Amino acid sequence: MGVAPRMITRPTLLRCLAPPPLEQRTGCENRRVTDPRAADSDDGAHASSLAPAGAAVAVDDEPAPERPATRAPGRFVRAYGALEARLAEPRIRRRIEIGAPVAIVAIAAVARLTALGHPGILVFDETYYVKEGWSTWQLGYEGEWADGSDERFQAGDPGGLTTEADYVVHPPLGKWIIGMAMAVFGMADPFWWRLPSALAGIALVGLTYAIARGLLGSVAFASLAGLWMAIDGFAIVMSRTALLDGILALFVLAGAGALLVDRRGSPARTVRTLAERPRRILAAMWTRPWLVIAGVLLGAACATKWSGAVFLAAFGLWTVLLDALDRRRAGYRSPWLGTLLSQAPASFVLLVGPALVVYVASYAGWFDGGWGSQLMLERADLRWGGLLAWVPLGLQSLWAYHAQQLGFHVGLTGDHSYQSPAYEWLWLGRPTGFEMASSDAGTWWVTALPNLVVWYAGIVALGFLLYRFGRTLDRRVGFLLVAIAAGYVPWLAFPERTIFFFYAIVFLPFLVIGLAHALQVLVGPPRRPSTGSVAAGPDSPVGAAQSRSTDGLGVGHEAADDARPAEHAADASARLDADLAAAVPAPAARAATRPARDDVERRAWGWLTVAALVLASIAVALWFLPVWYGIELPSDLVRLRYWPPTWPGR
């Protein structure tokens, strides 16, 4: 048996809702709201202002169990809360938004330009790309070098270059870029060999910050991604060595950024196109300048190394998929078929067309004397006939040259002491040693070894991103996964080919951004305090009346219940329910609007974890710095920096 219900009056209701001091709270706030159909007549007058007779609300006066005493926040949490509030001030935020990227780029510049001329010899594959870079600016194509040219070149004498065309297996754009500084300042100083690669590495850090800022919407986590790229040994070594892969990574990341900018206006653009062409399946959008820019940048990536073509294909398919989803959300008829028949061909022209133009243009010097450029002029029996007879002989020669290059790449299976199958990359089974020298004084190494904290944490974060994408289909996470897969998965198909770990530099920025995003989820967003009355849940009468839904395209519309305010005004019972729902939220709603102490505590400990990772990554960077910069140390100290510990021997 229970206590007879009594009518709840507005003063009583307000007393229940007012939050008393913690030590004076009663069971009033925990009373269970019921909905009896009868009430004592003594309280009917007070209830009449809220509802007509027969629609009263009663409260059981059964005492609720005592709530456990809330633990007072610790000194660390209070300090973090004060710091967070301070950093949220507009003046401070503006300074951070400007200062953070400037500081990160400055760190990257110092790390890449300091003693850039050391070592003063051709390191690893610089023996190909530095000399070919010089050759392209002297001849317009890659010429052959006489025997012993490395020693002469290192001494500042380029006399070993001949006018005889050399057979090379990579497109020429990256070599044109490597040779830029030498064309202006000469080749006597190794600083000029490597300056373009170093500038590309600095730009790679800046772009990593910018893309993370756009994807994650956070200066703090974008700064994490940029900082980790700035101090990562893998990125530093690739920036301080004149190889093609660092330049390739820059073009791929820039192309990805252009595609993300194109995506920003895509939903609204799709809606406008539908409004202009109602009920048309084959409506296509051609005014997409950022898609054209992405095609130019990804074409430049292909013109640096062929592996850029994988990113062109992967990003193109991703763009078409999102275009189809935009059409479905915008209300197009047959969105998938319409995308396949209209928008996909248009996007192909806008993306692949500029890429193809840039790629062919990069061979401009080759047509004037490069290896195989005169093949079709000399061999009439090899010329194309029939419908393809109109193709210029130079382009026919270029096609034949590419067929030979493809055969070289597929058949490249020679053993190398630092080759590493792609499946070993995840645990750093074989980092690439670029150069080593020993003397009585000690030993120095230059090796493309990532920052171990950043790399292994990034691999763990990659697993989390796969899980998160499977649960939420978050498009930001999907884009990062597509980019990482494009840089990694194709190499798994060639386990017997001679492959090196340093190829992974092309997807390192996306991996670091993924790590920053995983930490962002760990820390969580700060809950903003609600304004005005406590909002009710979406299923309550007030929630239905006050909520705004969105169609996913940024276009809000009022909920259906709000379109009939007269009906709500006429229904006093519904008004009462709405008032109570707004004033006494459900337990889930109360939990969402509790004081932010627990929220602050969660973020405080999350940021403590982030700070620990940052400090650990800086410590690791200082420890491995000698094997990134080739600093001579006693052999025993260098051996302590081998990774894995069995490296360099197999």
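Being a predicted model, the structure only gives us computed values, none of them experimental. Positions are given from 1, in the same order as the sequence printed here.
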(Q) Quick one, Phe221 and Arg213 - any side-chain contact, counting heavy atoms below 4.5 Å? (A) no

Q: Enter the distance from Leu244:CG to Ile178:CD1 here, rounded to the nearest 0.5 Å.
A: 5.0 Å

Q. Looking only at atom types and distance, does a side-chain atom of Gln520 sit under 3.5 Å from a main-chain N or O of Leu216, one as donor and one as acceptor?
A. yes

Q: Can you spot which of Leu608, Leu224, Val453 makes a side chain to side chain contact (heavy atoms under 4.5 Å, CB included) with Leu613?
A: Val453

Q. What pairs meet the side chain to side chain donor-acceptor pair (under 3.5 Å) rule with one or both residues in residues 97-108, with sequence neighbours excluded?
A. none

Q | Residue list, ring pair (Phe, Tyr, Trp, His ring centres under 6.0 Å) with Trp605, at least two apart or on another chain | A | Phe76

Q.
Using 30° and 60° as the class boundaries, would you call the ring planes of Phe507 and Tyr488 parallel, tilted or perpendicular?
A. perpendicular

Q: Begin with the C-alpha distance, continue with both residues' side-chain angles, and end with the deciding distance and a verdict on ring pair (Phe, Tyr, Trp, His ring centres under 6.0 Å) for Trp643 and Phe234.
A: CA-CA 13 Å; Trp643 192 268; Phe234 188 15; over 10 Å; no

Q. Do the non-hydrogen side-chain atoms of Ile459 and Leu511 ever get within less than 4.5 Å of each other?
A. yes

(Q) Between Arg86 (side chain only) and Ile92 (backbone N and O only), is there a donor and an acceptor less than 3.5 Å apart? (A) no

**Q.** side chain to side chain donor-acceptor pair (under 3.5 Å) involving Arg263 - partner list, sequence neighbours excluded
**A.** Ser266, Asp326

(Q) Name the residue from Val102, Ile202, Val205, Leu227 that meets the side chain to side chain contact (heavy atoms under 4.5 Å, CB included) definition with Ile107. (A) Leu227

Q: Please list all pairs passing the side chain to side chain donor-acceptor pair (under 3.5 Å) test where one or both residues lie in residues 222-237, with sequence neighbours left out.
A: Trp228-Ser617

Q: Enter the distance from Ile211:CD1 to Leu253:CG here, rounded to the nearest 0.5 Å.
A: 3.5 Å

Q: Using the test ring pair (Phe, Tyr, Trp, His ring centres under 6.0 Å), find all partners of Phe185 that sit at least two apart in sequence or belong to another chain.
A: Trp192

Please list every donor-acceptor pair under 3.5 Å in which a side-chain atom of residues 618-630 meets a protein atom from a residue at least two apart or in another chain.
residue : atom : partner : partner atom : Å
Trp628  : NE1  : Leu449  : O            : 2.9
Tyr629  : OH   : Ala111  : O            : 2.5

(Q) I need the full list of salt bridge (Lys or Arg N to Asp or Glu O under 4.0 Å) pairs touching residues 192-202, with sequence neighbours left out, sorted by first then second residue. (A) Glu126-Arg194

Q | Partners passing side chain to side chain donor-acceptor pair (under 3.5 Å) against Asp474 (at least two apart in sequence or in another chain) | A | Arg476

**Q.** With sequence neighbours excluded, residues passing ring pair (Phe, Tyr, Trp, His ring centres under 6.0 Å) with Trp176
**A.** Trp137

Q) Rounded to the nearest 0.5 Å, what separation is found between the CD1 atom of Ile513 and the OH atom of Tyr209? A) 12.0 Å

Q. How many angstroms lie between atom CG of Leu87 and atom CD1 of Ile96, to the nearest 0.5 angstrom?
A. 4.5 Å

Q.
Strictly by side chain to side chain donor-acceptor pair (under 3.5 Å), give each pair with a member in residues 291-301 just once, sequence neighbours left out.
A. none

**Q.** ring pair (Phe, Tyr, Trp, His ring centres under 6.0 Å): pairs with one or both residues in residues 454-473, sequence neighbours excluded
**A.** Trp455-Phe501

Q: Keeping the roles fixed (side chain from Arg240, backbone from Gly117), state whether a donor-acceptor pair exists under 3.5 Å.
A: no

Q: Return the set of residues passing ring pair (Phe, Tyr, Trp, His ring centres under 6.0 Å) with Phe251 (not counting sequence neighbours), or none when no residue passes.
A: none

Q. Roughly how far, to the nearest 0.5 Å, is CE of Met180 from CG of Leu199?
A. 9.0 Å

Q | Approximate separation, where rounding is to 0.5 Å, of Leu204 CG and Leu508 CG | A | 8.0 Å

Q: Determine the minimum heavy-atom distance between Thr447 and Pro431, stating which atoms define it.
A: OG1-CB, 4.2 Å

